[in-house]
Each structure stands twice: as C-alpha cells, then as structure tokens.
Amino acid sequence: TRRSSDLDGVKNVPNPFTDHTNIEFNLSKVGLAHVKVFNLVGEQLWKTTVQGKPGTNRVPFALNTLENGIYLYSVEAAGMNFTGRMMVNR
C-alpha cells in the first residue's frame, strides 16, 4: 500500500524570478507550515508561518533587496522538511 506524503509538491513559481514568486506545497491535512528563505551562507533572510490546508498552498514571497543569485527556501510542515533552490534574475 502506497501512502501519500503529508508534505509534497514543494516548488516556487516562477523560478527564476525578478520581483516575486510563490512558494507552493501540498499538504494532506490542516497544519502549520513554516517557510524560510536563506542565502547560500545560511543566513535567514525571511520567514513566515501559515496555517496550511489540505491540497495546494501558496505563500507569496517578494523581497526586493535581494541581489541576483541563488537562494534556498525551506518548508517545514507535518513533521517533514523540504529545502529547494530559487534564483533571482533581475
């Protein structure tokens, strides 16, 4: 029997982006989701906590002070953690 993950489908759209992107993820049930953005040195640049719902969740992200380059984002929910890469290209 295959069980679906409590947290999956994590991505940011669009990627690369110039001014803003949406960090998207799917949850199998209601729960808190912690979303963070880091630079490649590991410094946390932004964070938010949202009440996730079953299905697709979208968290808007816009931080106009970011330089061109690659950044990391993490989504922690349902006892799971996912880290992805996103690119700012102005």
Side-chain angles (χ1 to χ4, degrees):
T1 303
R2 185 161 186 256
R3 184 176 160 264
S4 65
S5 278
D6 292 331
L7 169 67
D8 67 5
V10 183
K11 61 185 176 181
N12 74 292
V13 180
N15 190 19
F17 67 99
T18 54
D19 296 321
H20 66 277
T21 188
N22 287 306
I23 298 171
E24 300 181 357
F25 54 93
N26 297 317
L27 291 177
S28 62
K29 58 187 174 188
V30 171
L32 289 179
H34 306 283
V35 182
K36 300 175 185 176
V37 174
F38 302 89
N39 62 21
L40 291 178
V41 181
E43 296 170 322
Q44 183 177 293
L45 304 175
W46 182 84
K47 71 176 178 177
T48 190
T49 299
V50 297
Q51 181 67 43
K53 62 183 184 349
T56 302
N57 293 266
R58 288 179 185 86
V59 177
F61 172 73
L63 194 59
N64 294 328
T65 58
L66 292 181
E67 300 286 329
N68 283 350
I70 297 173
Y71 296 86
L72 302 176
Y73 64 92
S74 73
V75 178
E76 183 181 343
M80 302 175 75
N81 193 352
F82 176 90
T83 301
R85 289 184 298 172
M86 60 185 176
M87 179 182 273
V88 175
N89 188 10
R90 298 182 202 264

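Side chains are part of it too, since the values below use all heavy atoms of this structure and drop only hydrogens, waters and symmetry mates.
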Is the ring pair F82/Y73 parallel, tilted or perpendicular, if the boundaries are 30 and 60 degrees? tilted

If I compare all heavy atoms of R90 with all of N68, which pair ends up nearest, and what's the gap? N-OD1, 2.8 Å

Is the backbone N or O of G42 less than 3.5 Å from a side-chain atom of N39, with the two atoms forming a donor-acceptor pair by type? yes

Return the CG to CG distance between D6 and L27, rounded to the nearest 0.5 Å. 8.0 Å

Taken in chain and number order and not counting sequence neighbours, the residues that satisfy salt bridge (charged side-chain N to carboxylate O under 4.0 Å, His left out) with R58 are E24

Looking at T18 and V88, what are the two nearest heavy atoms and their distance? O-CG1, 4.3 Å

Hey, could you give me the CG/OH distance between L63 and Y71, rounded to the nearest 0.5 Å? 8.5 Å

Grab the two heavy atoms, one from P16 and one from N89, that are nearest each other, plus how far apart they are. CB-CB, 4.2 Å

Roughly how far, to the nearest 0.5 Å, is NZ of K36 from CG of L45? 12.5 Å

Shortest non-hydrogen contact between P54 and S28, atoms and distance: CB-O, 4.0 Å

Say you draw a straight line from OG1 of T83 to CG of N81; how long is it, rounded to the nearest 0.5 Å? 5.0 Å

Would you check if the side chain of R85 reaches a backbone N or O of L72 as a donor-acceptor pair within less than 3.5 Å? no

Interatomic spacing from CZ in F25 to CE in M80 - rounded to 0.5 Å: 13.0 Å

Which heavy atom in F38 sits nearest to a heavy atom in S74, and how many Å separate them? CE1-OG, 3.8 Å

CG (N22) and CG (N15) are apart, to the nearest 0.5 Å, by 11.5 Å

Hey, are the side chains of F61 and V35 touching, using non-hydrogen atoms and a 4.5 Å cut-off? no

